2 protein chains.
Amino acid sequence: MNEAVVLTPERILEATEDVLRRFGLTKATVVDVARALDVSHGSVYRHFPSKASLRDAVAKRWLDRANEPLCKIAAGDGPAPERLEQWLRTAFTIKQKKVCDDPEMFATYLALAQDAREVVEAYKDKQVDLIAKILSDGVAQGVFEIDNVKATARAVFDATVRYHHPAHAEEWAKPECPGRIDALLALLLKGLRVCKP
Amino acid sequence: MNEAVVLTPERILEATEDVLRRFGLTKATVVDVARALDVSHGSVYRHFPSKASLRDAVAKRWLDRANEPLCKIAAGDGPAPERLEQWLRTAFTIKQKKVCDDPEMFATYLALAQDAREVVEAYKDKQVDLIAKILSDGVAQGVFEIDNVKATARAVFDATVRYHHPAHAEEWAKPECPGRIDALLALLLKGLRVCKP
DNA sequence: TGTCTGACAGATATTGAAATCTGTCAGCGG
DNA sequence: CCGCTGACAGATTTCAATATCTGTCAGACA
């Protein structure tokens with residue numbers, strides 16, 4: 001039982017990402033994954049009940065990795081407005097970078113996410129919680145004026161959908177984008193801040 | 001030359017919409033349109049240089065029709081905040097109604113719009129202009145405080161993308177939607193208003 | 001005893017030949 | 001003369017036969 005050759009979910013996920021990268025979503029099969037691991041495809045089914053669940057797990061891994069830097073920003077303790085702006089800009093940049101660096105792989109993950117609705121929903125909820133954290137910090141700091149933090153966090157998330165939802169990915173590279181992001185963030189931050197007369 | 005049987009672009013568009021409604025986008029052919037009009041398909045090409053241009057024209061008609069009520073609201077003269085809110089809610093409702101009443105036809109028009117990029121772009125610009133009109137009215141009324149009306153109109157459009165862009169249509173029927181729309185509009189209006197100390 | 005294999009049935013995807021469609025144009029008929 | 005027709009070439013789509021894949025399970029193997 002050499003630990004290097006034990007078949008673990010982790011190793012299977014690694015191999016699955018590899019296969020996806022090489023073959024693309026439509027061509028990648030469970031048999032390919034098994035071949036990459038040098039086992040029979042039956043063994044894969046010992047760890048994941050179906051191809052769909054394997055795909056979900058890959059999607060979750062991917063989303064969790066992408067989320068890490070955002071968790072750190074939300075957990076920080078600077079002034080909330082700057083932190084919110086940084087959080088949103090980072091969220092945009094992460095996505096934009098992924099689509100620029102490897103559009104093919106991004107398309108693969110996008111298609112993957114289409115079927116992993118539950119996983120994506122959980123991920124979005126986590127994002128909203130992070131925003132809510134920053135907002136409530138801002139309220140505590142006396143810089144934000146917010147009735148319902150949870151609902152407002154959701155509103156901020158919704159308002160920025162255009163720059164983090166992959167359905168709009170093809171617009172992200174356009175030259176007018178940065179200016180539009182600036183205008184959007186300015187509008188949102190003004191809506192959150194306490195009025196200074 | 002009975003005017004009822006003259007082949008006009010208008011009649012062709014009418015017939016095309018009919019054919020699209022009956023057969024769906026993928027099955028609808030130029031030959032079908034010609035058959036519906038009882039002419040040869042060559043005659044259709046006398047008025048539209050290609051199938052793509054015919055589709056573009058249908059998309060434009062559809063978008064223009066959907067836009068009419070919004071033009072009226074923008075042209076009104078009540079208080080800008082209420083008018084903006086009504087404008088946005090109407091925009092959402094128009095789309096939502098279409099997708100509810102006839103999801104199949106909505107899907108057809110959606111696919112149609114995918115290929116009619118220019119037409120859609122022009123339509124969006126028109127929408128932003130309508131928002132800008134209301135915003136500048138608000139500035140004149142002393143209720144809005146806006147640096148750059150054009151950029152801010154674009155920001156309002158972007159911020160509400162989730163509720164008017166068809167990519168998010170499947171979320172519109174969810175029960176939590178109205179509450180989220182309320183929160184979003186409240187945030188945006190607060191961002192636009194002058195601060196009352 | 002528990003993990004892995006490999007053959008299997010039913011579901012899904014691929015392929016290439018045949019059918020249909022798009023876009024053109026010479027010529028018909030009013 | 002002018003708008004329309006219908007036959008045509010090349011592009012695209014359909015369809016059914018064929019191949020591949022998913023998910024299961026009885027049994028090998030350690």
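Since we're looking at a predicted model, the values are computed, not measured. In what follows, every chain begins at residue 1, and chains take the letters A, B, ... in the order their sequences are listed.
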Measure from [atom1] on [X] to [atom2] on [N] and round the result to the nearest Å.
{"X": "A:F23", "N": "D:dC21", "atom1": "CZ", "atom2": "P", "result": "10 Å"}
{"X": "B:I12", "N": "D:dG3", "atom1": "CD1", "atom2": "P", "result": "13 Å"}
{"X": "B:D38", "N": "D:dT5", "atom1": "CG", "atom2": "P", "result": "8 Å"}
{"X": "B:L37", "N": "D:dT5", "atom1": "CG", "atom2": "C1'", "result": "15 Å"}
{"X": "B:R55", "N": "C:dT22", "atom1": "CZ", "atom2": "C1'", "result": "12 Å"}
{"X": "A:F48", "N": "D:dT22", "atom1": "CZ", "atom2": "P", "result": "15 Å"}

*Which one, C:dT22, C:dC4, C:dT5, comes nearest to the side chain of B:Y45?*
C:dT22

*Which of the following nucleotides, D:dT22, C:dT22, D:dT5, is nearest to the side chain of B:R46?*
D:dT5

_Are B:H168 and A:H168 an aromatic pair, judged by ring center distance below 6.0 Å?_
yes

*asked:* Can a side-chain donor-acceptor contact be found between A:S53 and A:D56 if the only test is distance below 3.5 angstrom?
replied: no

_Side chains of B:D64 and B:Y123: any donor to acceptor distance under 3.5 Å?_
no

*So does A:S43 get a side-chain nitrogen or oxygen closer than 4.0 Å to the phosphate oxygens (OP1/OP2) of C:dC4?*
no

*Using a cut-off of less than 4.0 Å, is there contact between a side-chain N or O of A:S50 and OP1 or OP2 of D:dT22?*
no

*Please name all residues satisfying side chain to side chain donor-acceptor pair (under 3.5 Å) with B:T160, sequence neighbours left out, ordered by chain then number.*
B:H164

*What orientation do A:Y109 and A:W62 show, parallel under 30°, tilted 30 to 60°, or perpendicular over 60°?*
parallel

*Any Lys/Arg nitrogen of A:R22 or A:E17 sitting under 4.0 Å from an Asp/Glu carboxylate oxygen of the other?*
no

*asked:* With a 4.5 Å cut-off on side-chain heavy atoms, are B:W87 and B:I131 touching?
replied: yes

*What residues in residues 24-36 of chain A put a non-hydrogen atom under 4.0 Å from any atom of DNA chain D?*
A:T29, A:V30, A:V31

*asked:* Any N or O donor-acceptor pair under 3.5 Å from the base of D:dG23 to the side chain of A:H41?
replied: yes

